[in-house]
Protein chains: 2
Amino acid sequence: MDARSSLQNRTPRKRRKMQRVTMMDVAKLAQVSPSTVSLYLRKPAAVSPAAGQEIARAISTLGYVPNLVAGGLAAASSKVVSIIVPSIRNAFFAETVSTLQSELAAEGLQVILGHSEYGEDQEEALVRTALAWAPAAVVLTGLSHNAETRKLLRASGVPVVEMWEIGGEPIDMAVGFSHPQVGASAARHLLSKGRRRVAFLGARMQEDHRAAKRASGFVEEARRAAEPASCEIVNHPGAATVEAGSLLLNRALQQIPDLDGIACSNDLIALGALFECQRQGIAVPDNIAVVGFGDLDFSASCIPSLTTIRPSGDLIGKEVARLILAGIHGEQPPAASRIIDTGHVLIERRST
Amino acid sequence: MDARSSLQNRTPRKRRKMQRVTMMDVAKLAQVSPSTVSLYLRKPAAVSPAAGQEIARAISTLGYVPNLVAGGLAAASSKVVSIIVPSIRNAFFAETVSTLQSELAAEGLQVILGHSEYGEDQEEALVRTALAWAPAAVVLTGLSHNAETRKLLRASGVPVVEMWEIGGEPIDMAVGFSHPQVGASAARHLLSKGRRRVAFLGARMQEDHRAAKRASGFVEEARRAAEPASCEIVNHPGAATVEAGSLLLNRALQQIPDLDGIACSNDLIALGALFECQRQGIAVPDNIAVVGFGDLDFSASCIPSLTTIRPSGDLIGKEVARLILAGIHGEQPPAASRIIDTGHVLIERRST
DNA sequence: AAGAAGGATCGTAGCGCTATTATAGCCGCA
DNA sequence: TGCGGCTATAATAGCGCTACGATCCTTCTT
């Protein structure tokens, strides 16, 4: 009896189905099968014009919005790219993310954003949730990640692009430039201007490995020159802000009283240093030459205009997008083009 | 025969299933049913400690990562919040998005980002894809949207928060402040400093309705004062940059040669104006007083330090997060608290 | 006229998970 | 001893869509 009863008194399982217009509704209204609607949505050219019009009409009268969650599950590939940056407040990354987002949106890809605050464990957690979305690709910042993060990503089989840094072994693909070389360029420039008592002003360099690499590239180049310069690194533990720049300049002056050139890990720091010079009546570039990094919004217009190194956040974003889209379109880039050097440009202005 | 044959020669439909560790694998290894694994993942307290440990072990040995796409489909609510801002390059929004992202991540919500570039049709497209993710909430910037966007959002039943502006009829909830009042505060401040020939410098005000509202609030207040000031609005069609600030100051000086006070729609513009004053030997605040908007990174440290109005992008982010999380936890906020005024603060510094 | 070839359309089995119901095991109390 | 009332676990039916074949029409050959 029990077996029978369990079949008989089965109430129609009510599921809380979100009341949403589904593809089925569209199909019914357009008098075609759901498959045809799906096909129309993915490749409109594959269905007859007549059916296409009917479907289009149905979609618009019903206000149908496809459910990408369902689609992603069925297709085993969600139309999502997960981007993890240290901080979106940082103008560098804001620029890259912005470009990347535009480029990817043009192909129907969504961007999921996470920020790690320069913490590797936080990054690991972000990667974990990122992978939970079965993303079409994961974009990370820099080449330093903890072992677990690398393992997770490798195991996932998802395309991975590391951006804003090259010069190490990427997990999969990398787009960026060499930070030691940026430091070296700054050093060479200051040396070429006859500066011999220089400093590198950076912030948060315990966590920001890329800034630290710019610093060490700077020091190395400054010291191995024909006429080497005396050289210090000054670090501010907090974020790279204008105020930090002012503080750092003062600390540098304490360490090297006859300082005649500085390179900054960020234009904001450079701007702070410029302001501090102005406050203290130090002439720029006559007494101290200043080189920044980032070529931010204000760098061309400040007083004096700032010599800086432009890393091209835009270009990085474009190249990352290109790699991702190529991968989605099934092109396997040759091993050689899996690492893209976007280079850097030193823009000489009045501050040196 | 056909009916039979169609049944007989049915080949086992091979589906390209992503080769991924599934919950089923975990269940098998832990010797429990998939339901128990699911339950454990959602409310660990509901399964026995023994089973829990077994499951945890299985998860870690297999390196299982739950598939949120499948989960979202089954649960009819994806753990995603879609945020649409005009531009992530804008420091205001970067700050809000950053805060929002942190607050939401703490509760396991992901942020999907889109930027509209101040275009209402582009915004509509973004809303459309946003809704396709069946998000837990949608966050928009400002109260100006086209009719279709409003319709889509209303029809979807998804919680909607409009941020960075109040003073109109929100679609659902709003967190922000009154832009006309910001303009009025700036005007009152300049008037209080005895300025009577003032201008408002803004950028992109055809598209950026909020900036336009700050401008009109400014003008209105300046003109209705006891001793009204002569007042102009100067607009730059391009983005709000430092360079635009320099250009705008010059244009303002052309229009009002004896200009003695300016309010800027953005601190970047104000900074550009400060630089231009310095270049031209115009004393700030003696000749011209400058009020900015945004209290950006450099505003406290520039020369002279900038009097500005702080809108608290942070606070907006926090409040938006609070509303969203309350909604997810099932609390229906009373109608009164569906509009939150985060206010604004005028910070007086040396430039006025 | 019969069949081949090709394009459009349809039917259906999952994608991996959660919500819901069903069931088994256990305790306490009459 | 037996029966409610628990709690912990299992079974099952989808969520809405896409991929894969299968099927149904045309049109073109010979």
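Naming: A, B, ... by sequence-line order, numbering from 1 per chain. Both backbone and side-chain heavy atoms feed into the values below; hydrogens, waters and symmetry mates do not.
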Between B:Tyr40 and C:dT18, does any side-chain N or O lie under 4.0 Å from OP1 or OP2?
no
With sequence neighbours excluded, residues passing side-chain contact (heavy atoms from CB on, under 4.5 Å) with B:Leu152:
A:Val65, B:Glu124, B:Val127, B:Arg128, B:Leu131, B:Glu148
Any non-hydrogen side-chain atom of B:Ile112 less than 4.5 Å from a side-chain atom of A:Trp133?
no
Taking N or O atoms only and anything under 3.5 Å, show me the protein contacts with nucleotides 7-9 of chain D, one pair per line.
from, atom 1, to, atom 2, distance (Å)
D:dT9, OP1, B:Ser48, OG, 2.7
D:dT9, OP2, B:Ser48, N, 2.9

Quick one: list whatever passes side-chain hydrogen bond (donor to acceptor under 3.5 Å, both in side chains) with A:Glu95, sequence neighbours left out.
none
For B:Leu41 and C:dC17, give me the distance from atom CG to atom P, rounded to whole Å.
9 Å
Could you note down all residue pairs passing side-chain hydrogen bond (donor to acceptor under 3.5 Å, both in side chains) where residues 151-160 of chain B supplies at least one of them, sequence neighbours left out?
none
End-to-end axis angle, where each axis spans five pairs of the helix from C:dA1-D:dT30 to C:dA30-D:dT1, to 10°
60°
For A:Gln101, the side-chain hydrogen bond (donor to acceptor under 3.5 Å, both in side chains) test, sequence neighbours excluded, returns B:His115
Residues which pass side-chain hydrogen bond (donor to acceptor under 3.5 Å, both in side chains) with B:Ser87, listed by chain and number, not counting sequence neighbours:
none
Considering residues at least two apart in sequence or located in another chain, which fulfil the ring-ring contact (aromatic ring centres under 6.0 Å, His included) criterion with B:Phe93?
B:Trp164
OP1 or OP2 of C:dT18 under 4.0 Å from side-chain N/O of B:Ser38:
yes
Given atom CE of A:Met23 and atom C1' of C:dG11, what is their separation to the nearest angstrom?
15 Å
With a cut-off of less than 4.0 Å, is there a side-chain N or O of A:Arg42 near OP1 or OP2 of D:dC17?
no
Under the side-chain hydrogen bond (donor to acceptor under 3.5 Å, both in side chains) rule, collect the residues that match up with A:Ser33, sequence neighbours excluded.
A:Thr36
